[in-house]
Number of protein chains: 2
Amino acid sequence: MHSREKSVLHQYIKRFQLKRSKRRDLILEVFLNTRRHVSNEELYLLVKQRDPSIGLTTVYRTLKLLKECGLARELQSYEGVILYEHDYKADHHDHLICTVCGGVLEFFSRDIEKAQEKIVRKYKFKPLHHSHRIFGVCEKCQNRTVPEDERLQSKTISIKQTTHS
Amino acid sequence: MHSREKSVLHQYIKRFQLKRSKRRDLILEVFLNTRRHVSNEELYLLVKQRDPSIGLTTVYRTLKLLKECGLARELQSYEGVILYEHDYKADHHDHLICTVCGGVLEFFSRDIEKAQEKIVRKYKFKPLHHSHRIFGVCEKCQNRTVPEDERLQSKTISIKQTTHS
DNA sequence: CTCTCTGCAAATCTTTTGCAGTCCT
DNA sequence: AGGACTGCAAAAGATTTGCAGAGAG
């Protein structure tokens, strides 16, 4: 399970004369088993279920290490918290994000993927992954009248809640 | 100058029975005059040049207000700091981001814009803006041999430095 | 006059760092 | 044995909140 990723990590460790450890392996494994985005805190709680003696600091340091060796990358956070994601190949799609209700619609466009290939070829760029988000107002929210007294202060929270859906 | 945006803010204020203030107008104006991304801190320093009596807290609160009324939106930060941007219509482009050197190449693809329109029509979505980023390795970095002992710990910093270019 | 806005200081939350002990090679 | 890894507590940084006074309607 996840042998490719483990080997990437171990090679990186060898190359820079770092040292392997049970904890790093465990954190990597738990990270790869997450659905999509995690924060340090979230990952810490997950890892703690498997090894309660682990510290939050170690998760921070390991996630940074995973970022260095290309297994994790930072993602937009809507609340000043850094989120991390890994490759989730079987499941690629882009997002339409409603700025009113915070809902997320997923879409996939072969045209866009093709156009991307063209761009990438033009610039001799070797693509690894991409993120494409269109922000706007969804059909439902275009048709609904926002109650006059409803300030959208909690908007970012609802976006956060639906990000994983 | 910026009369449309000012009117958006003032209508929002009226609608929720908030109160107008010199400071909010000033912060909005300085924000709109900013080139692209600013953090609360950066905007605070800019605003302070025009009105030294202003407090950082007010900038935080005003930027949150601008977000609520749609004039500002949060942006990816590479360091746990929230950045804000506004519409900068004359200057739209997408990004190729090199994960090795952190360099950013800007591109514009009519094909992608067209494909987007198609998607948006299909979902009856009213688009406001979008963000499209392709991550990978740029031409230069593909051809350069990374020194064997160079850990990329400082990568996020170099990304930050080139984000504005 | 009432209720919002503001600056300040304090509180909170996230992330990093120093240190002493433990683990890996 | 030597250096890297780890947990803890403390530090540092970013953002929010409580409060008393100033300002808008």
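Chain letters run A, B, ... following the sequence lines, proteins first and then strands; every chain starts at 1.
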Under 3.5 Å between N/O atoms: give me all the protein pairs with nucleotides 20-24 of chain C, atom names plus distance.
residue, atom, partner, partner atom, Å
C:dC24, O2, A:Lys19, NZ, 3.2

Where do N or O atoms of nucleotides 8-10 of chain D meet protein N or O atoms at under 3.5 Å, pair by pair?
none

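- Following rounding to the nearest Å, B:Leu56 (CG) and C:dA11 (P) show an atom-to-atom distance of 18 Å.
- Tested against A:Val59, the residues A:Leu46, A:Asn40, A:Leu45 include a single side-chain contact (heavy atoms from CB on, under 4.5 Å) partner, A:Asn40.
- When the side-chain hydrogen bond (donor to acceptor under 3.5 Å, both in side chains) test is applied to B:Tyr44, the partners found at least two apart in sequence or on another chain are B:Lys48.
- Under the rule for a side chain to side chain contact (heavy atoms under 4.5 Å, CB included), the partners of A:Glu29 that lie at least two apart in sequence or sit in another chain are A:His2, A:Lys6, A:Asn33, A:Arg50.
- Shown here are the side-chain hydrogen bond (donor to acceptor under 3.5 Å, both in side chains) partners of B:Glu41, two or more places apart in sequence or in another chain: there are none.
- Qualifying side-chain hydrogen bond (donor to acceptor under 3.5 Å, both in side chains) partners for A:Ser53, counting only residues two or more places apart in sequence or in other chains: A:Arg23, A:Asp51.
- In this structure B:Arg24 satisfies the side chain to side chain contact (heavy atoms under 4.5 Å, CB included) test together with B:Ile13, B:Leu18, B:Ser21, B:Thr62, B:Leu65, sequence neighbours excluded.
- OP1 and OP2 of C:dT16 both lie 4.0 Å or more from every side-chain N or O belonging to A:Tyr60.
- In this structure, the salt bridge (Lys or Arg N to Asp or Glu O under 4.0 Å) partners of A:Asp111, at least two apart in sequence or on a different chain, are B:Lys118.
- Under the side-chain hydrogen bond (donor to acceptor under 3.5 Å, both in side chains) criterion, A:Glu117 pairs with no residue, sequence neighbours left out.
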